Peer 1: 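Sending over a structure as structure tokens; questions will come in a sec.
Here the structure is a predicted model, which is why all the values come from computation and not from measurement. One-based numbering along the sequence shown. Because only heavy atoms are used, hydrogens play no part in the values below, and waters and symmetry mates are left out as well, while side chains stay in.
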Amino acid sequence: MWRRLRTSPTVRTVLGRGMASYLRLVWRTQRVVMEPANLYELADAQLPMILTFWHGQHFLTPFLVRPYHRARVMISRSADADVNAIAAEALGIGAVRGSGAQGRDFRTKGGFNATLEMIRHLAEGTNVAMTADVPKISRVAGLGVVTIAKHSGRPIYPVAIATSRRIVARSWDKSAIHLPFGRAAVVAGDGVVVSADAGPEELEAARREVQRQLDLVTARAEELVGRPAAGPRPVAREDAPPAEPLNG
């Protein structure tokens with residue numbers, strides 16, 4: 001029964017719009033703190049940019065977009081992800097369908113075309129957003145985001161959003177189901193720039209730096225909402241060139 005319902009365009013539309021309405025309620029009832037405090041002032045000087053975040057921690061990121069921002073987000077082509085795409089579009093964020101699959105799956109899952117489309121949107125002045133994780137491997141950054149940065153010339157900014165009231169799903173990415181009437185923290189990293197002539201070693205260094213910054217901002221966001229960090233915060237810094245820091 002559910003398998004039949006989940007393939008229905010009408011059901012997916014209802015679920016997607018319902019998700020968008022619920023997320024609006026969650027965001028509007030949060031007491032939000034941002035770090036750095038002047039995040040928008042600093043970020044607006046560097047648009048368009050590539051926003052990246054861990055999978056499962058992305059549901060509230062559409063609310064970081066201001067009315068004058070243009071933005072697109074990469075979302076998988078899977079049927080289940082249709083609901084996420086509908087929700088994103090209901091919140092004013094256009095969807096680019098594809099995923100960062102590895103190897104032969106990169107083309108069959110739309111990764112190649114989605115990468116080209118993201119680069120094109122950046123060239124046209126539109127911000128893009130995507131999860132950083134290797135598909136089905138939580139909290140391990142892949143090369144997708146740094147490849148887009150290399151070919152677009154635009155900076156990557158890792159960001160994390162944590163809420164004080166949430167349920168953690170039993171999924172591979174431990175998705176956070178945010179609850180209303182709590183506190184939220186938005187924390188942005190210093191950013192990473194990838195040179196146009198970056199070779200494999202530089203791309204790998206940039207990938208590690210994206211992962212390092214995501215780990216740091218995630219731990220800091222958790223701290224700001226009163227939740228102890230899950231483990232030691234990384235301190236080693238890789239040799240990827242930083243972007244203009246958002247912390248001033």
Peer 1: Quick check: does any side chain N or O of R154 sit under 3.5 Å from a backbone N or O of Q46, one acting as donor and the other as acceptor?
Peer 2: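 The answer is yes, because a donor-acceptor pair under 3.5 Å joins these two groups.
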Peer 1: How long is the gap from CG on L42 to CG on N38, to the nearest 0.5 Å?
Peer 2: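 Interatomic distance, L42 CG to N38 CG, rounded to 0.5 Å: 4.0 Å.
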Peer 1: Can you hop from V225 to V217 via hydrophobic side chains spaced under 4.5 Å?
Peer 2: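 No, no single cluster joins them.
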Peer 1: More than 12 heavy atoms of other residues, nucleotides or ligands under 6.0 Å from CD of E201: yes or no?
Peer 2: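 Atom CD in E201 is not packed in, count stays at 12 or less.
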Peer 1: Look only at the side chain of Q30 and the backbone of L179, and say whether a donor-acceptor pair between them is shorter than 3.5 Å.
Peer 2: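 Yes, because the side chain of Q30 sits within donor-acceptor range (under 3.5 Å) of the backbone of L179.
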Peer 1: Checking side chain to side chain contact (heavy atoms under 4.5 Å, CB included) for the pair V96/H121: CA distance, chi angles, key distance, verdict?
Peer 2: CA-CA 10 Å; V96 173; H121 283 303; 3.9 Å; yes
Peer 1: Answer yes or no: is there a side-chain heavy-atom contact under 4.5 Å between P48 and T126?
Peer 2: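 A side-chain contact under 4.5 Å is absent here.
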Peer 1: Regarding R66 and the six-membered ring of Y40, is the cationic atom NZ or CZ under 6.0 Å from the ring centre and inside 45° of its axis?
Peer 2: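 The answer is yes; both the distance and angle limits are met.
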Peer 1: Establish, from distance only, whether the side-chain atoms of D44 and Y68 form a donor-acceptor pair under 3.5 Å.
Peer 2: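 Yes, a side-chain donor-acceptor pair sits under 3.5 Å.
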Peer 1: Going through the distances and angles, do M130 and I148 end up as a side chain to side chain contact (heavy atoms under 4.5 Å, CB included)?
Peer 2: CA-CA 10 Å; M130 62 186 293; I148 290 172; 3.6 Å; yes
Peer 1: Tell me whether I156 shares a hydrophobic cluster with V73, the cluster being built from Ile, Leu, Val, Met, Phe, Trp, Tyr side chains joined at under 4.5 Å.
Peer 2: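 Shared cluster, no.
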Peer 1: If you compare all heavy atoms of A85 against all heavy atoms of A95, which two are closest, and at what distance to 0.1 Å?
Peer 2: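 It is CB-CB, 4.2 Å.
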Peer 1: Check for a donor-acceptor pair, side chain of N127 on one end and backbone N or O of A71 on the other, with a separation under 3.5 Å.
Peer 2: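 Flag not set: sc N127 to bb A71 has no pair under 3.5 Å.
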Peer 1: Flag the pair S195 / E202 as yes when at least one side-chain heavy-atom distance between them is below 4.5 Å, and no otherwise.
Peer 2: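 Sidechains of E202 and S195: in contact.
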Peer 1: Is it true that a side-chain atom of H69 and a backbone atom of P67 form a donor plus acceptor pair closer than 3.5 Å?
Peer 2: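 Not at all, since once roles are kept as given, no pair shorter than 3.5 Å links the two residues.
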Peer 1: Give a yes or no on whether a salt bridge exists between R97 and D82, defined as a side-chain N under 4.0 angstrom from a carboxylate O.
Peer 2: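 Looking at D82 together with R97, the answer is yes, because their closest N to O distance falls below 4.0 Å.
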Peer 1: Are Y157 and I50 close enough that some pair of their side-chain heavy atoms sits under 4.5 Å apart?
Peer 2: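 In short, these two side chains do not touch, never coming nearer than 4.5 Å.
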Peer 1: Taking the side chain as C-beta and beyond, is there a heavy-atom pair between T52 and V210 under 4.5 Å?
Peer 2: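 Answer yes - side chains close enough.
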Peer 1: Could you tell me the separation between the CZ atom of R165 and the CZ atom of R183, rounded to the nearest 0.5 Å?
Peer 2: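 With rounding to 0.5 Å, CZ (R165) is 11.5 Å from CZ (R183).
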Peer 1: Do T131 and D133 pair up side chain to side chain, a donor and an acceptor below 3.5 Å, judged on atom types alone?
Peer 2: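 T131 vs D133: no donor-acceptor pair found between side chains.
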Peer 1: So, do V186 and L64 sit near enough that their side-chain heavy atoms are less than 4.5 Å apart?
Peer 2: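 Yes; the side chains approach each other to less than 4.5 Å.
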Peer 1: For the hydrophobic clusters of this structure (ILVMFWY residues joined by side-chain heavy atoms under 4.5 Å, transitively), does one cluster hold both F53 and I75?
Peer 2: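 Looking at the clustering, I75 is in a separate group from F53.
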Peer 1: How far does CZ of R70 sit from CG of L122, to the nearest 0.5 angstrom?
Peer 2: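 Those atoms lie 10.5 Å apart.
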Peer 1: Please set out all donor-acceptor pairs under 3.5 angstrom arising from side-chain atoms of residues 14-24, sequence neighbours excluded.
Peer 2:
residue: S21; atom: OG; partner: R17; partner atom: O; Å: 3.2
residue: Y22; atom: OH; partner: H178; partner atom: O; Å: 2.6
residue: R24; atom: NH2; partner: A90; partner atom: O; Å: 2.8

Peer 1: Under 30°, 30 to 60°, or over 60°: which ring-plane class applies to W172 and H55, parallel, tilted or perpendicular?
Peer 2: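 The arrangement is tilted - the two ring planes meet at 30° to 60°.
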Peer 1: Side chain of Q211, backbone of A141: donor and acceptor closer than 3.5 Å?
Peer 2: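 Indeed, once roles are kept as given, a pair shorter than 3.5 Å links the two residues.
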Peer 1: Group every Ile, Leu, Val, Met, Phe, Trp and Tyr by side-chain heavy-atom contacts under 4.5 Å, then state whether F63 and V32 land in the same group.
Peer 2: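 They do share one cluster, since a chain of ILVMFWY contacts under 4.5 Å joins F63 to V32.
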Peer 1: Cluster question for you: counting only ILVMFWY and a side-chain heavy-atom cut-off of under 4.5 Å, with indirect links fine, are I93 and L60 together?
Peer 2: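 No; L60 is not reachable from I93 via cluster members.
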Peer 1: Report yes if some heavy atom in the side chain of V194 is under 4.5 Å from a heavy atom in the side chain of R207; otherwise report no.
Peer 2: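 They are not in side-chain contact.
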Peer 1: With side chain to side chain contact (heavy atoms under 4.5 Å, CB included) as the criterion, how do D215 and W54 come out once you've worked through the C-alpha distance, each side chain's angles and the decisive distance to 0.1 Å?
Peer 2: CA-CA 9 Å; D215 287 339; W54 288 134; 3.5 Å; yes
Peer 1: CZ of F59 to OG1 of T163: how many Å apart, nearest 0.5 Å?
Peer 2: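 Spacing of CZ (F59) from OG1 (T163) equals 11.5 Å.
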Peer 1: Does the side chain of R139 reach to within under 4.5 Å of the side chain of T218, using non-hydrogen atoms?
Peer 2: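 Of all side-chain heavy-atom pairs linking T218 with R139, at least one is under 4.5 Å.
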Peer 1: So, taking the atom named OG in S152 and the one named CZ in R120, what distance separates them when rounded to the nearest 0.5 Å?
Peer 2: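 Those atoms lie 13.5 Å apart.
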Peer 1: Looking at Q213 and G191, would you say the former's side chain and the latter's main chain have a donor-acceptor pair under 3.5 Å?
Peer 2: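 Answer holds: yes.
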Peer 1: Checking side chain to side chain contact (heavy atoms under 4.5 Å, CB included) for the pair K150/L203: CA distance, chi angles, key distance, verdict?
Peer 2: CA-CA 8 Å; K150 169 182 174 175; L203 286 174; 4.2 Å; yes
Peer 1: Any donor-acceptor pair under 3.5 Å linking the side chain of S76 with the backbone of S78?
Peer 2: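 Yes, S76 side chain to S78 backbone: donor-acceptor pair under 3.5 Å.
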Peer 1: Given side chains that start at C-beta, do those of R166 and R227 come closer than 4.5 Å, heavy atoms only?
Peer 2: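 In short, these two side chains touch, coming nearer than 4.5 Å.
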